[in-house]
Amino acid sequence: MRINLLSLLLITIFIIINPSAIAVSKKSDNPVFSTVDQIFNTTNQWLHFPTNLNQSSIEFSIPIIIAAVLSFFAASISSAGGIGGGGLFISIMTIVAGLEMKTVSSFSAFMVTGVSFANVGCNIFVRNPKAGGKTLIDFDLALTVQPCLLLGVSVGVICNRMFPNWLVLTLFAVFLAWSTMKTCKKGVSYWNLETERAEIRKRRDDDGVEGARESLLGNEVEDEVEKGKIRFPWMKLGVLVIIWLLFFSINLLRGNKYGQGIISIQPCGALYWLLSSLQIPLTIFFTLCIYYSDNVQSTHTSHNQDPQKEIGDGRRPNNLMLPIMALLAGVLGGLFGIGGGMLISPLLLQIGIAPEVTAATCSFIVLFSSTMSAIQYLLLGMEHAGTAAIFALICFVASLVGLMVVKKVIAKYGRASIIVFAVGIVMALSTVLMTAHGALNVWNDFVSGRYMGFKLPC
């Protein structure tokens, strides 16, 4: 794993700083500024974006540098918790870089995609010895959650158009504050549990018997993987890709409320809403198929730390609760304009999913939603696509760095609870920054006398 992380990091850095691909687009007295400007221009040319996608260029400046540095650290922390970090990226690009919200939303989608790609690339083939050698990413959880999450995002986006800013801000602050508190409490409980286990292992250290038993278990898992008894779930991955393609096709055909799409339809007309409503039967169909699938139903809690143990308030995890929670998380994510990882991760931790599995699975789930958003922004004519790609690469590298640091710390100290604390830190920072910035916007709307009530979706 260490070799894979290092190779990915080196390849990415080589792509970014490859001097043979640089074409000068703007002169600057400062050689550092000039080099970065050249990289921005080169990325635009390499991706072959049409001219209309970069009509008003973002000038390279001190705020952009600070935003890039802060985004690097935000991506490193977010990758440790397996979440996209959209809440931090939106705050950084809005408050520090001074970009408008429309541009920030598209940038955030690209940056979250960069973080998710790094996480998934490092974890997709990793085996979990605690779960009998199955993949660290719980594909059963992803299958159970994904359809309802995508539907919830679409519903949340519509609610975002209708709800006044003050209501969205209030719901955001209350929900994320509650989630942050629950996540931090869960982190403390995991930390205490790890401390107790460490003390027990220390007391049971009788001539290395415990270590020999763990080594034998690890060897058995490796042998089963090599013999092909534990196979990679290609079928489940294929179903997830099919679900993604179907939802993406609907959104692409429908376009946005301004009529931008691959077919010409009346914005918010009958065909627009008909295409939008197709997501409901699709979600119901896939959710029921997955819910009644014996394969998924019997193993979707296999990565629970103690599947035989009752969790929470004494109830066992319910298969039907996961789609409901995913739908709620998707609605809130679309309403707040952030990814689902920040909302899904605390829910999975609360039902007893191990922190390592939660981080890997959340990053996998977020990859589907973030790529859907990023590609839609790109095809519908987003501005500054080249600059957004640069920030995505920065976040990709930062995510690799964060993963390397976290894996070393966990391997050295045996504290997987730091993943939970990383999630809590990102959520706390996002809550404070986005709430403060949103409160200023609400106050400006109030002072200027703008309409602050409910609106129509179109």
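For the numbers below, each heavy atom of this structure counts, side chains included, while hydrogens, waters and symmetry mates do not. The structure presented is a predicted model; accordingly, all values stated were derived computationally and were not measured.
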Under the side chain to side chain contact (heavy atoms under 4.5 Å, CB included) criterion, do L332 and L171 qualify, and how do the steps go?
CA-CA 9 Å; L332 293 175; L171 292 174; 5.6 Å; no
Please examine the side chains of V174 and W178, heavy atoms only from C-beta on, and report whether any two atoms are closer than 4.5 Å.
no
Roughly how far apart are L245 CG and I250 CD1, rounded to 0.5 Å?
11.5 Å
Verify, without hydrogens or angle tests, whether T361 (side chain) and D138 (backbone) share a donor-acceptor contact under 3.5 angstrom.
yes
Do M93 and S71 make a side-chain contact, defined as non-hydrogen atoms from C-beta onward lying under 4.5 Å apart?
yes
Value rounded to 0.5 Å, distance of CG in L151 from CZ in F247
6.0 Å
What is the minimum heavy-atom distance between A374 and T113, and which atoms define it?
CB-OG1, 3.9 Å
Can you tell me if N165 and N441 form a side-chain donor-acceptor pair at under 3.5 Å?
no
Look up atom CG in L275 and atom CG in L253, then write down how far apart they are to the nearest 0.5 Å.
6.0 Å
Determine whether F368 and I243 make a side-chain contact, defined as any pair of heavy atoms from C-beta on separated by less than 4.5 Å.
no
Should Y190 and P355 count as side-chain neighbours, where that means a heavy-atom distance under 4.5 Å?
yes
CG (L271) and OG (S276) are apart, to the nearest 0.5 Å, by 9.0 Å
Given side chains that start at C-beta, do those of N251 and R254 come closer than 4.5 Å, heavy atoms only?
yes
Checking T94 side chain against S91 main chain: does a donor-acceptor pair fall under 3.5 Å?
no
Closest heavy-atom pair and its distance - I419, A80:
CG2-O, 3.4 Å
What closest approach, in Å, do M427 and P346 show between heavy atoms, and which atom pair accounts for it?
SD-CG, 3.6 Å
Flag, side chain of S277 to backbone of L274, donor-acceptor distance under 3.5 Å:
yes
I'd like to know if the side chain of E356 and the backbone of A416 have a donor-acceptor N/O pair within less than 3.5 Å.
no
Sidechain-backbone polar pair: S369 side chain, V366 backbone, donor-acceptor under 3.5 Å
yes
Any side-chain heavy-atom pair from F421 and W191 closer than 4.5 angstrom?
yes
Hey, is CZ on F73 packed in by over 12 heavy atoms from elsewhere, all under 6.0 Å?
no
For P147 against F286, the heavy-atom pair lying closest together:
CG-CB, 4.0 Å
Donor-acceptor pair, S189 side chain versus K186 backbone, under 3.5 Å?
yes
For A329 and L347, work out which heavy atoms get closest and say how close.
CB-CD1, 4.4 Å
Less than 4.5 Å apart, side chain to side chain, heavy atoms only: is that true for M162 and C159?
no
Measuring only between side-chain heavy atoms, which start at C-beta, is L348 closer than 4.5 Å to L322?
yes
Please test R127 against L136 for side chain to side chain contact (heavy atoms under 4.5 Å, CB included), starting from the C-alpha separation and ending with a verdict.
CA-CA 5 Å; R127 301 287 177 170; L136 188 62; over 6 Å; no
One pair to check against side chain to side chain contact (heavy atoms under 4.5 Å, CB included): F125 and F232. What are the steps and the verdict?
CA-CA 8 Å; F125 294 112; F232 185 83; 3.7 Å; yes
Exercise: identify the closest heavy-atom pair between M452 and D445:
SD-C, 4.2 Å
Using a 3.5 Å distance criterion without hydrogens, assess whether the side chain of T170 forms a donor-acceptor pair with backbone atoms of W166.
yes
Establish, yes or no, whether a centroid distance under 6.0 Å links the rings of F364 and F139.
yes
M235 atom CE: more than 12 heavy-atom contacts under 6.0 Å:
no
Take M321 and I351, measure what side chain to side chain contact (heavy atoms under 4.5 Å, CB included) needs, and give me the verdict at the end.
CA-CA 10 Å; M321 285 301 297; I351 66 174; over 6 Å; no
A quick test of your reading: do over 12 heavy atoms of other residues, nucleotides or ligands sit less than 6.0 Å from CZ of F117?
no
Gap between atom CZ of F172 and atom OG1 of T431 - 0.5 Å precision:
5.5 Å
What's the separation between atom CG in L400 and atom SG in C395, rounded to the nearest 0.5 Å?
11.5 Å
Is the side chain of S79 donor-acceptor paired with the backbone N or O of S76 at a distance under 3.5 Å, no angle test?
yes
Any donor-acceptor pair under 3.5 Å from N444 side chain to L440 backbone
yes
Check whether the ring centres of F391 and F110 lie less than 6.0 Å apart, and answer yes or no.
no
